Undergrad: 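Pasting in a structure now, in structure tokens, and then I'll have a few things to ask.
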There are 2 protein chains.
Amino acid sequence: MPEKRQYGQFCGLASAMEIVGERWTMLIIRELLIGPARFSDLTDNLPGVSPNMLADRLRFLTDQGIIAVDRVPGDARGKLYRLTPLGAELRPAVHGLARWGMSFLTDEDAARSTSRAAWGFLALQTMIDVGTPLAVDEEYEFRVADEVFSIAVHDGKATAQRGPAHQPALVIHADAETFIRIGAKLISPFEAVITGRIKAEGDLDAIQRCTQLLGLDQPRRAAA
Amino acid sequence: MPEKRQYGQFCGLASAMEIVGERWTMLIIRELLIGPARFSDLTDNLPGVSPNMLADRLRFLTDQGIIAVDRVPGDARGKLYRLTPLGAELRPAVHGLARWGMSFLTDEDAARSTSRAAWGFLALQTMIDVGTPLAVDEEYEFRVADEVFSIAVHDGKATAQRGPAHQPALVIHADAETFIRIGAKLISPFEAVITGRIKAEGDLDAIQRCTQLLGLDQPRRAAA
DNA sequence: CCGGATCCGTAACGATACTG
DNA sequence: CAGTATCGTTACGGATCCGG
């Protein structure tokens with residue numbers, strides 16, 4: 001049994017990378033941050049991962065107390081993987097990385113890669129993390145592919161959640177790829193509406209406020 | 001020339017992991033977040049890294065616009081690697097990971113691993129990120145191994161910087177390992193003072209306030 | 001000495017096939 | 001559905017060597 005590779009540094013970052021730094025591990029965490037998932041959900045949403053590695057990773061992360069396994073109520077042999085509280089504490093780090101990585105997405109990536117609505121939801125959350133809070137009290141709803149999520153702005157705080165908004169000032173309909181392209185600032189929300197790539201129910205002012213909340217009115221970072 | 005491994009997902013996190021997700025890359029970023037460094041500085045502070053991999057990583061990160069190379073003023077053949085603004089934007093993500101990873105550090109790690117004062121400085125910064133701001137106006141100074149850094153609390157905001165404090169309410173002397181052990185909550189600041197592992201100049205109240213600022217009065221996260 | 005490049009053994013990963 | 005078993009490929013780790 002070969003010994004696991006370690007860094008041998010008494011440092012929080014090195015420690016973190018020994019646990020979640022291997023290939024695919026962060027993406028597995030991402031999937032479980034979206035919600036509990038079965039083995040086959042993970043293989044479906046992580047195209048290219050081999051079952052062998054996925055099993056390795058799940059075993060290791062379980063041993064480390066980062067994920068836990070539940071039985072599926074109705075299914076005797078079904079297992080449901082979920083993050084433990086310890087695992088859920090990776091969310092800020094994952095958001096930070098995802099936000100940073102979005103500026104590397106290109107139009108060619110969009111063409112060659114698969115897109116999922118849930119990844120757009122992740123992007124939305126990372127944008128709220130650093131966005132400018134607004135002095136309004138309203139909600140926005142997003143219908144991306146077959147999933148629905150929303151942003152609620154109350155008391156100067158914006159929060160994202162799955163599911164529909166209560167009385168949305170704005171409802172956006174989009175496919176996953178377009179939604180992520182907007183988050184990556186490859187296309188502006190207004191441009192997407194005009195060209196018909198997304199459909200918006202609500203007035204232009206609401207679109208403007210939502211755009212500002214998410215920092216989408218700021219230019220993309222210039223290349224270094 | 002083999003094609004680089006990619007995830008093929010149109011997602012910010014996948015994109016980030018394709019760029020900084022390989023082994024050692026994050027630790028190289030960490031070193032450059034501490035400050036610009038030469039090739040040999042990096043090999044010294046990343047024990048176990050092979051020169052060919054370090055050269056590979058530096059080349060790739062340079063191509064991606066994450067690091068840049070300067071000439072050392074006095075040395076014709078010396079090169080100084082530094083982060084670009086794009087690379088420096090990784091700081092929040094690195095802090096998030098480092099903070100999370102600190103709770104995995106153990107006493108056995110401390111014994112087997114190398115410690116550096118700069119990693120303690122990193123830990124300090126991550127603790128400020130989430131600490132409770134205090135309604136005081138004072139500064140704390142830390143002399144760890146042969147390095148000096150400090151925290152300034154003004155207007156309800158705490159900031160960390162290299163170098164000494166102006167009129168420190170507290171000066172802490174410690175070795176790197178002990179300092180990181182305190183950050184990892186393997187030992188409390190008070191316990192460290194009492195057992196003589198660190199030396200504190202300042203009154204107990206100042207220690208108390210600093211401890212609270214850094215969240216060191218909170219218990220370590222329980223195992224999941 | 002600094003900043004690498006070359007070579008080779010080992011560990012990790014990827015694809016496919018197969019099983020309780 | 002939830003994984004193993006097997007095997008070829010890629011990446012990493014360690015040592016050595018090289019040109020300024």
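Residue numbers start from 1 in every chain, and the chains themselves are labelled A, B, ... in the order their sequence lines are given, proteins ahead of strands. Values in this document were obtained by computation on a predicted structure and should not be read as measured data.
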Undergrad: Evaluate side-chain hydrogen bond (donor to acceptor under 3.5 Å, both in side chains) for A/T126 paired with A/D129, printing each intermediate quantity in order.
TA: CA-CA 5 Å; A/T126 73; A/D129 285 348; 5.9 Å; no
Undergrad: Measure the shortest side-chain to side-chain distance between A/Y81 and A/R38 over non-hydrogen atoms and say whether it is less than 4.5 angstrom.
TA: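 Of all side-chain heavy-atom pairs linking A/R38 with A/Y81, none is under 4.5 Å.
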Undergrad: For D/dT4, does OP1 or OP2 lie under 4.0 Å from any side-chain N or O of A/R59?
TA: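 For A/R59, the contact criterion (side-chain N or O under 4.0 Å from OP1 or OP2 of D/dT4) is met.
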Undergrad: Measure CG/A/N45 against C1'/D/dC1 and give the value in whole Å, please.
TA: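 It is 16 Å, rounded to the nearest whole Å.
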Undergrad: Given the side-chain rings of A/W119 and A/F179, with only the six-membered ring counted for Trp, is the space between their centroids under 6.0 Å?
TA: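 So the answer is no for these two rings.
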Undergrad: Starting from C1' on C/dG3, measure out to CG on B/L42 and report it in whole angstrom.
TA: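 It is 12 Å, rounded to the nearest whole Å.
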Undergrad: Could you give the CE-to-P distance, from A/M53 to C/dG14, as a whole number of Å?
TA: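 Rounding to the nearest Å, CE of A/M53 and P of C/dG14 are 4 Å apart.
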Undergrad: Looking at D/dC12, I'd like to know if its phosphate oxygens (OP1 or OP2) sit under 4.0 Å from a side-chain N or O belonging to B/R57.
TA: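 Yes, within the criterion.
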Undergrad: What is the distance from CD of B/E22 to P of D/dA11, rounded to the nearest Å?
TA: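 Computing the B/E22:CD to D/dA11:P distance gives 8 Å.
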Undergrad: Do the side-chain N or O atoms of A/R77 get closer than 4.0 angstrom to the phosphate oxygens (OP1, OP2) of C/dG20?
TA: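 Result: no.
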Undergrad: Show the numbers, then the answer: is there a side-chain hydrogen bond (donor to acceptor under 3.5 Å, both in side chains) between A/R30 and B/Q9?
TA: CA-CA 12 Å; A/R30 177 196 65 194; B/Q9 300 186 349; 2.7 Å; yes
Undergrad: Mind checking whether B/L54 and B/F39 have side chains closer than 4.5 Å, heavy atoms only?
TA: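 Side-chain contact under 4.5 Å: yes.
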Undergrad: OP1 or OP2 of C/dA12 sitting under 4.0 Å from any side-chain N/O of A/W24?
TA: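 So the side chain of A/W24 is outside the cut-off, no N or O lying under 4.0 Å from OP1 or OP2 of C/dA12.
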Undergrad: Whether B/Y7 contacts C/dG14 is assessed here as follows: a side-chain N or O lying under 4.0 Å from the phosphate OP1 or OP2. Is that the case?
TA: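 So the side-chain polar atoms of B/Y7 never come under 4.0 Å of the phosphate oxygens OP1 or OP2 of C/dG14.
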Undergrad: Rounded to the nearest angstrom, tell me the gap between atom CG in A/L54 and atom P in D/dA5.
TA: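 In whole Å, D/dA5 P lies 16 Å from A/L54 CG.
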Undergrad: Is A/D56 side chain donor-acceptor paired with the D/dG3 base, going by distance under 3.5 Å alone?
TA: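 No.
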Undergrad: Using the side-chain heavy atoms of A/P51, tell me which of these nucleotides is nearest: D/dG3, D/dT6, D/dC12.
TA: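 The closest nucleotide is D/dG3.
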Undergrad: OP1 or OP2 of D/dC12 versus the side-chain N and O atoms of A/R5: is any pair under 4.0 Å?
TA: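 No.
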Undergrad: In whole Å, I'd like the distance from the CG atom of A/L58 to the P atom of D/dG3.
TA: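 Rounding to the nearest Å, CG of A/L58 and P of D/dG3 are 7 Å apart.
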Undergrad: Need one value for B/S50: base, sugar-phosphate or nothing, where a base atom within 4.0 Å counts as base even if backbone is also close, heavy atoms only.
TA: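 Base: the residue B/S50, judged by heavy atoms under 4.0 Å, touches a nucleobase.
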Undergrad: For C/dA11 and B/R23 - does any side-chain N or O of the residue sit under 4.0 Å from the phosphate oxygens OP1/OP2?
TA: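 Answer is no, no contact under 4.0 Å.
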Undergrad: Expressed in angstrom and rounded to an integer, what is the separation of A/L27 atom CG from C/dC13 atom C1'?
TA: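 A/L27 atom CG is separated from C/dC13 atom C1' by 14 Å.
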Undergrad: May I have the distance from A/R71 (atom CZ) to D/dC1 (atom P), rounded to whole angstrom?
TA: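 A/R71 atom CZ is separated from D/dC1 atom P by 15 Å.
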Undergrad: Given D/dG3, C/dT6, C/dG3, identify the nucleotide with an atom nearest to the side chain of B/F39.
TA: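 For B/F39, the side-chain atoms sit closest to C/dG3.
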Undergrad: With the side chain of A/K79 defined as its heavy atoms from C-beta on, choose the nearest nucleotide among D/dC1, D/dG3, C/dA15.
TA: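 Closest nucleotide among those given: D/dG3.
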